[in-house]
S.K.: 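Let me begin by handing over the structure; questions about it come next.
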Number of protein chains: 2
Amino acid sequence: MEIKRTPKPSIIRLCSILNFLEDQENLGKENIFSQEIGEYLDLPAFSIRKDISYIGEIGNTIAGYNISKLKAHIEDKLKLSGTQNTCLVGLGSLGTAILNYEKLNSSNFKLVAVFDTNLNKLEMIKLKIRAYPAYQIEEIVKKHSITAAIITVPSKSTQEVANKLIKGGVRGIINFTPTLIRSGRNDVVVRNIDLLNELRILQALIALKSIDSAGE
Amino acid sequence: MEIKRTPKPSIIRLCSILNFLEDQENLGKENIFSQEIGEYLDLPAFSIRKDISYIGEIGNTIAGYNISKLKAHIEDKLKLSGTQNTCLVGLGSLGTAILNYEKLNSSNFKLVAVFDTNLNKLEMIKLKIRAYPAYQIEEIVKKHSITAAIITVPSKSTQEVANKLIKGGVRGIINFTPTLIRSGRNDVVVRNIDLLNELRILQALIALKSIDSAGE
DNA sequence: CTTCCTCTGTGAATATTTTCACTAATAGTA
DNA sequence: TACTATTAGTGAAAATATTCACAGAGGAAG
Ligand SMILES: NC(=O)c1ccc[n+]([C@@H]2O[C@H](COP(=O)([O-])OP(=O)(O)OC[C@H]3O[C@@H](n4cnc5c(N)ncnc54)[C@H](O)[C@@H]3O)[C@@H](O)[C@H]2O)c1
Ligand SMILES: NC(=O)c1ccc[n+]([C@@H]2O[C@H](COP(=O)([O-])OP(=O)(O)OC[C@H]3O[C@@H](n4cnc5c(N)ncnc54)[C@H](O)[C@@H]3O)[C@@H](O)[C@H]2O)c1
């Protein structure tokens, strides 16, 4: 059944499943059961099967899933195939760390530009990725058809940078800044990742778990 | 009503609300309406009120919410007050960037230790935070009652590091590594943050939005 | 003192997501 | 062939979360 819509949580889990499948394929595995995927993601097997079922029938009743087939299927249905031109804004300590992230290079996300206001820093880059001053964001984003961006600038510049990116045509932003971005449009997706907020969520969830288990 | 349990998504949103309240308080604001909070978080006002209502009545019908009162109330109910001893494992480029994160210093999360296997790197630290070799993780975590940890080691060492941390008594882990952690226990909370996975989720959600709006 | 206005808090309705129990497929085996 | 064992796929039930519409609170204005 093609018409059924996939719940957002399922989409997010499918991305994690994809990641796991890549690892398993690199380890030389060819087939995998929902059970095994579930163990990795700490979810029951039926939940994995349900997630996969949203994007169509693909498994085999006796050998489980063929890894490369399932991988291709998820990529296809979630529109994860094809190269996505990506950029990074803010070449401070966090931005530099992200440039070192080797796993990104082997993915379909291609870092084609980095931006910073500070020209001295720009001169220090030894990487092959072209660096530009921040005032060129809109122009370069357009020129290279950049669709996704990673923001690692000081908090107060976040919204300004986001505005420029969106104006240039970026449709997805990962924001490592503590300032939330408002895009004002519903065709732009933003994921905010803030360490302090994550720590708080962690702490609150731990407290919740304690209550849960007290009730058992 | 005290007995009602707070949904997990509400808890997570309350953490973001708290963050916003801090900013507003620093800006000198004293009172705030659910409407304003909602605009910031891009949610309807009734949703903000509902979230707050889970932790009890606190608002005023004419002036909205008193910011410092609401802040204290959220902190109290979500058990976010009190100092949490925290550590960082893996002092590479990402770990170093995180040590620079100034906002953490003004929070209740106190970084009391950093760990690395590489002793040369340990010698290079100029910070006040004590650094230890990785084999001391369990011992130091116990000694300082560390409850939360941030992992930024190479992917293959992730699970091993997590095991040591949990053995020492850590109950919350933020994992910046692409390898998911399995704690094997339900009193340990893990938040996995992987850039590549986030980019994929972004891309998949953008595709989903396109479908959505096509249907409108 | 009454009316009006605005804002919170919330029960109930709706929507979404997860869980469960079962069907069907397939291969190995006696 | 018939039986067993194993695993995917899936409707339906249950659980969870979001949305909505309105009651009630209380200050301001006349
Ligand atoms: N999410 C996390 O876990 C986490 C961790 C650490 C830091 N941070 C946040 O990430 C951001 C960057 O942190 P950092 O330690 O790398 O800071 P940093 O000061 O080292 O780097 C910021 C960089 O942005 C550049 N910049 C400033 N304004 C700019 C603009 N308008 N356009 C383009 N570039 C601009 C600066 O020149 C600098 O190179 C901060 O907002 C910080 O709070 C987040
Ligand atoms: N989530 C993200 O956005 C993101 C971005 C970049 C990198 N990463 C990931 O973060 C991790 C660290 O990245 P990096 O660029 O800082 O790498 P890095 O190599 O610069 O640093 C890793 C550090 O961990 C130390 N280390 C190795 N084994 C250890 C162990 N068993 N115990 C303690 N310390 C140990 C090393 O000595 C080194 O200092 C990697 O797994 C990388 O994939 C994540």
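A note on names: the letters A, B, ... follow the listed sequences, proteins ahead of strands, and every chain is numbered from 1. Because the structure is predicted, anything quoted here is derived from the model rather than measured.
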S.K.: Does OP1 or OP2 of C/dG9 have a side-chain N or O of B/Arg49 closer than 4.0 Å?
M.R.: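 B/Arg49 to C/dG9 OP1/OP2: no side-chain N or O under 4.0 Å.
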S.K.: Give the nucleotide from the list D/dG26, D/dA17, C/dA12 with an atom nearest to the side chain of B/Ile62.
M.R.: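 Between D/dG26, D/dA17, C/dA12, the one nearest the side chain of B/Ile62 would be D/dG26.
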S.K.: Kindly point out which of C/dG9, C/dT18, C/dA27 is positioned nearest to the side chain of B/Ile52?
M.R.: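 Of the candidates, C/dG9 comes closest.
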S.K.: Report the distance from atom NZ of A/Lys50 to atom C1' of D/dA8, rounded to the nearest whole Å.
M.R.: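 It works out to 12 Å between those atoms.
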S.K.: For A/Ser34 and D/dT7, is the shortest distance between a side-chain N/O and OP1 or OP2 below 4.0 Å?
M.R.: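 So the side-chain polar atoms of A/Ser34 never come under 4.0 Å of the phosphate oxygens OP1 or OP2 of D/dT7.
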S.K.: Taking atom types as modelled, find out whether A/Ser145 and A/Asn85 have a side-chain donor-acceptor pair closer than 3.5 angstrom.
M.R.: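 Side chains of A/Ser145 and A/Asn85: no pair found under 3.5 Å.
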S.K.: Whole-Å distance between C/dT17 C1' and A/Ile12 CD1?
M.R.: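 The distance from CD1 of A/Ile12 to C1' of C/dT17 comes to 13 Å, rounded to the nearest Å.
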S.K.: If we ignore angles and hydrogens, is there a donor and acceptor under 3.5 Å between the side chains of A/Ser155 and A/Thr179?
M.R.: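 There is such a pair between these side chains.
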S.K.: Side chain of B/Pro7: nearest nucleotide among D/dG9, D/dA17, D/dG26?
M.R.: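 Among D/dG9, D/dA17, D/dG26, the one nearest the side chain of B/Pro7 is D/dA17.
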S.K.: Which whole-number value in Å describes the distance from A/Ile67 CD1 to D/dA8 P?
M.R.: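 Roughly 12 Å, once rounded to whole Å.
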S.K.: I want to verify a distance call: between D/dA8, D/dG27, C/dT18, whose nearest atom is closest to the A/Phe33 side chain?
M.R.: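 It is D/dA8.
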S.K.: Is the shortest distance from a Lys or Arg side-chain nitrogen in B/Arg191 or A/Glu198 to a carboxylate oxygen in the other one below 4.0 Å?
M.R.: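 Yes, charged N to carboxylate O under 4.0 Å.
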S.K.: Check the phosphate of C/dG9 against B/Tyr65, side-chain N and O only, distance under 4.0 Å to OP1 or OP2. Yes or no?
M.R.: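 Yes, B/Tyr65 has a side-chain N/O under 4.0 Å of OP1/OP2 on C/dG9.
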S.K.: Within this structure, what is the CD-to-P distance between B/Gln35 and C/dG9, rounded to whole angstrom?
M.R.: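 About 15 Å, once rounded to whole Å.
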S.K.: The side chain of A/Ile58 is closest to which nucleotide in this list: D/dT19, D/dG9, D/dT10?
M.R.: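 Of D/dT19, D/dG9, D/dT10, D/dG9 is nearest to the side chain of A/Ile58.
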S.K.: A/Phe46 has an atom CZ; how far is it from atom P of C/dA21, in whole Å?
M.R.: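 Checked: the CZ to P distance equals 9 Å.
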S.K.: Is there a side-chain hydrogen bond (donor to acceptor under 3.5 Å, both in side chains) between B/Asn105 and B/Ser107 once you walk through the steps?
M.R.: CA-CA 5 Å; B/Asn105 299 328; B/Ser107 76; over 6 Å; no
S.K.: Is there a side-chain polar atom (N or O) of A/Arg5 under 4.0 Å from OP1 or OP2 of C/dA15?
M.R.: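 Answer is no, no contact under 4.0 Å.
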S.K.: Does any donor-acceptor pair link the side chain of A/Thr61 with the base of D/dA8 at a separation under 3.5 Å?
M.R.: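 Answer is no: no donor-acceptor pair is held.
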S.K.: Does B/Asn60 or A/Ser47 map to a spot on DNA chain C nearer the 5' end, using the closest nucleotide for each?
M.R.: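 Closest to the 5' end, via its nearest nucleotide, is B/Asn60.
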S.K.: Could you state the CG-C1' distance from A/Asn66 to C/dT26, rounded to the nearest angstrom?
M.R.: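 Those two atoms, CG and C1', are 16 Å apart.
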S.K.: Among the nucleotides D/dT18, D/dT10, D/dT7, which one has an atom lying closest to any side-chain atom of B/Ser10?
M.R.: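 From the listed options, D/dT18 comes nearest.
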S.K.: Could you tell me how far apart A/Ile48 (CD1) and C/dC20 (P) are, to the nearest whole angstrom?
M.R.: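 In whole Å, C/dC20 P lies 15 Å from A/Ile48 CD1.
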S.K.: Between B/Ser81 and B/Glu75, do the side chains contain an N or O donor and an N or O acceptor separated by less than 3.5 Å?
M.R.: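 No, no side-chain donor-acceptor contact under 3.5 Å.
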S.K.: To the nearest Å, how far apart are B/Glu36 CD and C/dT8 P?
M.R.: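 Atom CD in B/Glu36 sits about 9 Å away from atom P in C/dT8.
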